[in-house]
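See structure below.
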Amino acid sequence: MATIVRGLSRLTKTNPVSRTISTSSRVFAAKEPLNIDTVTHTGQVWDKEDYRNARFVGGKKLVNPNFAIDLIAEDPVVVCKRRNVSSNSGGALGHPRVFINLDKPEVSVCGYSGRKFIQAKYYDPAVHGPSITYEQYLAEMEAIKS
């Protein structure tokens, strides 16, 4: 302990530490970002005077134009001949296997991946849009795994 104190006292005596302190009173005017009113996927928009806009001063508000809900809506409906099907999005980061009941005459949606499934006897191309078969869906998932 005594050696540490002696070492510190020698340091301060021979090499004084100096700090520079800025006394400038200049205030920098920040430019207002051009896209501060860009709407996010949740519809998040604030007033010009809202304090939460401070995070975008001197920077841009980055909003991904590819909203997940729109990308999922573009997926084709998986038409199945069976009453129960399984969904697992494949790959190491996929979701667990879930079983979906297709007894109702409507599109059933996987809660994890958002994939849409319907039984073949209830499928109408005019109402449900483009489709793939369940076998094609399984082939897609196998391709993702490898």
Side-chain angles (χ1 to χ4, degrees), residues 1-5 7-8 11-12 15 17-146:
M1 180 77 166
T3 57
I4 294 174
V5 173
L8 289 176
L11 177 67
T12 56
N15 296 329
V17 179
S18 63
R19 296 176 97 183
T20 57
I21 299 173
S22 174
T23 57
S24 172
S25 62
R26 286 188 291 166
V27 177
F28 295 100
K31 294 179 183 177
E32 188 170 322
L34 298 175
N35 64 346
I36 201 161
D37 292 330
T38 304
V39 179
T40 64
H41 70 287
T42 58
Q44 200 174 51
V45 180
W46 299 309
D47 293 333
K48 291 272 188 206
E49 301 301 319
D50 197 318
Y51 71 93
R52 291 174 286 189
N53 286 328
R55 70 179 86 172
F56 307 119
V57 173
K60 288 177 31 175
K61 181 178 182 182
L62 301 175
V63 177
N64 187 347
N66 300 321
F67 300 146
I69 195 164
D70 295 335
L71 296 174
I72 290 173
E74 292 174 2
D75 267 349
V77 177
V78 180
V79 178
C80 311
K81 296 176 186 171
R82 301 167 24 190
R83 291 177 51 216
N84 296 309
V85 294
S86 66
S87 171
N88 67 345
S89 66
L93 299 176
H95 66 72
R97 178 173 288 178
V98 292
F99 293 91
I100 300 171
N101 187 351
L102 301 177
D103 284 338
K104 294 183 180 178
E106 59 190 31
V107 173
S108 298
V109 180
C110 174
Y112 286 98
S113 62
R115 289 303 294 253
K116 301 169 286 203
F117 298 88
I118 193 166
Q119 204 170 6
K121 64 183 177 181
Y122 302 126
Y123 173 69
D124 181 13
V127 175
H128 301 110
S131 68
I132 61 172
T133 64
Y134 185 63
E135 290 74 24
Q136 290 172 321
Y137 167 74
L138 293 176
E140 283 180 13
M141 296 306 109
E142 279 300 317
I144 292 173
K145 286 181 184 178
S146 56

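When a residue number appears, it is its place in the shown sequence, counting from 1.
Sorted by first and then second residue, the side-chain hydrogen bond (donor to acceptor under 3.5 Å, both in side chains) pairs involving residues 117-126 (not counting sequence neighbours) are Tyr123-Ser131. The salt bridge (Lys or Arg N to Asp or Glu O under 4.0 Å) pairs that include a residue from residues 135-144 are Arg115-Glu140, Glu142-Lys145, where partners are two or more places apart or lie in different chains.
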Pairs under 3.5 angstrom only: tabulate donor-acceptor contacts from the side chains of residues 70-79 to other protein residues two or more places apart or in another chain.
none

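Inter-residue side-chain proximity for Ser86 and Val98 is flagged as unmet; no heavy-atom pair is nearer than 4.5 Å. Between Phe99 and Val85 there is no side-chain heavy-atom pair separated by less than 4.5 Å.
The distance from atom OG of Ser87 to atom OH of Tyr112, rounded to the nearest 0.5 Å, is 10.5 Å. In this structure, Glu106 CD and Phe117 CZ are separated by 15.0 Å, a value rounded to the nearest 0.5 Å. The line from OH of Tyr134 to CD1 of Ile118 is 15.5 Å long, rounded to the nearest 0.5 Å. In this structure, OG on Ser108 lies 7.0 Å from CG on Asn101, to the nearest 0.5 angstrom.
Applying the side chain to side chain contact (heavy atoms under 4.5 Å, CB included) rule to Gln136 yields the partners Ile132, Thr133; only residues at least two apart in sequence or on another chain are considered. Under the salt bridge (charged side-chain N to carboxylate O under 4.0 Å, His left out) criterion, Arg83 pairs with Asp103, sequence neighbours left out. For Val109, the side chain to side chain contact (heavy atoms under 4.5 Å, CB included) partners at least two apart in sequence or on another chain are Val107, Lys116.
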